[in-house]
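Worth saying up front: this structure is predicted, and the values here are computed from it rather than measured. In each ligand, atom 1 is the first atom listed, and ligand 1 is the first ligand listed.
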Amino acid sequence: MAIPNEPVAGAPAAEAPKINTSVPTAEDKDKRKAANAALKELMKPVKIQLMIGRILGGLSGILAVAPYIALVWLGDIVFAAHKAGQLPDYDAVMDTVMFLIGAFFLQIMVYVVGLTVTHFADSTLTAHIRQLLVEKLSHAPLAWFSSTTSGRVRKAIQDDTATLHVLVAHAPVDNAAAIITPLALLIYAASIDWRLALLTVATIPLYIGFQAVQTKDMGAKTTIMDEHLANVSSTAVEFADGVVIVKAFGRTGEAHNRYQTAYKNFIRFYLDWVGPLLKVSATSASFIAVPLLLLINLSVGGLMVSHGIVTIPQVIVTSLISLVIPSSIDKILMITWSYQRAGNAAYRILETFDTPVLSDAGNIDQTLETYDVEYRDVTFKYDETAATPTLDKINLRLPQGTVTALVGPSGSGKSTLATMLARFQDPDTGTITIGGVPITQMRTQMLYRNVSFVLQDPQLVRTSIRDNVKLARPEATDQQIWDALTDAQIADDIRALDKGLDTIYGTDVQLSGGQAQRLAIARALLADTPVLILDEATASTDPDSEAEIQRALSRLAVGRTVLVIAHRPNAIIGCDQVAIIEDGKLAALGTPEQVANHPHMQKLFAPQEAK
Ligand SMILES: Nc1ncnc2c1ncn2[C@@H]1O[C@H](COP(=O)(O)OP(=O)(O)OP(=O)(O)O)[C@@H](O)[C@H]1O
């Protein structure tokens, strides 16, 4: 199995994937727009709940004014009593305090109800997205999984849906509250005195001006930052995946390169972006510094009190309001940033939704009368835009009970052609039939009752040896499993394990490549399907293991319609027919003798003869 970006001995280490520099391009801005559109689309199912969350958030924002009103009342009562040389009126104080407490609890309650609604919306949406993703992936062609990193799928299902949490569960309520609270406070300040209202926001235009500089191109830059982070994460996974091989070749340092370059690129981008902003940020913060705001509000307010325009409590309260407004603006900025990050996550989720899917399996479920396999005019492209097809009008018949060897240069399309029989991909045009029934019309159970495969990657799952072997035949008894293991030449190895069939593959034991492959052969033996796809490559195993695998494969092939991807002369000798594939086309078809003079066959046999 190919190690992603495995370094080739002697070759310079690959560079980390390039991401554009720190200047957002038109493309970045387009991506930003696409991300926003994706977000809107994704949120549609919970639109109403989010609206309710916003309304309740706004309501709690309005209620946030009540404590300030109560404070002014309280102050007025105390000052009036002081002026009159009396104690404050007990009932009036109590009423105001009760109003203050009541309004405070009501505000909290409305806010919490809002959050509850949006949290329910979040769990509904997360479940909905994850369900759709899993459904989508369950219909993706099997070949998609081999070409797609598990990291990408995990990110879409796990991380990206989690990123949406802030946006769905918190942002509607918090954002509405953050916008409405300062507005309501400002209106209240204006209702006391318009000059006091102006005082509360005296430094805000300067603050907003500096913030605007700070947040310029923030959306597009966030998209670039997300790409950098995705790069760091994928190169780290690549490195971890390939670490055994690269260590074996003594190239650890170079294999680090893609990862190192990726994170250095990220750090450089981040410092270039954030470094200058820190100065702007420090300057803008000084305009909303508590001492400055108090100085302005209390000194000008004090002057207004001395002229009898406003009262002391009114100045104290509007000074407090002036301290609250900047934090609301900060909150709005933070939520905007969450929107930007969530937009990118939504975009990735929708991208995963766009994964090409196989057409649904058909409804035919019957016992076949014959097991002839026929490829008729099969044409296929992995990439729609490619100039030439991967498979080009292949016509091939595999008569029942015969062995057909597929040979051809690397990349000619052998694996694609063979695995199509198990619907790893469907042809773009043309059909594949077994016993005259197109495989796309068969129910999935019917297809896999008739076709099994043993490929280079043994495709074992992290479960017991027993469950791995009986995957295709859950009702198999232990005796049948041991028989299959014996025929696959692996029974002795499994018997030697402490937990025998209960050994968990990948946790209790790590099997060698050859052992894993023989376990996959045991699985195919137990599945006992009339049609079999084999990849005879045993390159990663030692000669003893290879001989055992060949013996197991010969046993497996008996009496079945076999399509074998042949890499060595041994696999061709003794087969019924040979199909030579070149550049996705069937270049020759015949018995081994009939095609013996084909240049590819000559090439294949040449080194053997030389020995
Ligand atoms: N999942 C995939 N996505 C995109 N392209 C692919 C995918 N799998 C194979 N290809 C491309 O399709 C072409 C045929 O590949 P295929 O693996 O079928 O050839 P092959 O003859 O089996 O090669 P080999 O003998 O090296 O295994 C190659 O150009 C390959 O790069």
Would you call Asp428 and Lys381 a salt bridge, taking side-chain N to carboxylate O under 4.0 Å as the test? no
Looking at Glu582, Lys414, Met420, Gln425, the heavy atom closest to atom 25 (O) of ligand 1 belongs to Lys414
Do the side chain of Asp392 and the main chain of Thr388 share a donor and acceptor less than 3.5 angstrom apart? no
Expected output: side-chain Asp365 to main-chain Arg443 donor-acceptor under 3.5 Å: no
For the residue pair Thr507 / Arg462, report whether a side-chain donor-acceptor contact shorter than 3.5 Å exists. yes
Does Thr390, backbone or side chain, put an N or O under 3.5 Å from an N or O of ligand 1? no
Could Asp535 and Lys414 be called an ion pair, given the rule that one side-chain N must be under 4.0 Å from one carboxylate O? no
Proximity flag Gly411 to ligand 1, non-hydrogen atoms under 4.0 Å: yes
May I ask you to list the atoms of ligand 1 that are less than 4.0 angstrom from any heavy atom of Ser415? 17 (O), 18 (O), 20 (P), 22 (O), 27 (O)
Numbered atoms and elements of ligand 1 in range of Pro409, under 4.0 angstrom, heavy atoms: 21 (O)
At a non-hydrogen distance cut-off of under 4.0 Å, which region of Thr416 contacts ligand 1 (side chain, backbone, both, or neither)? both
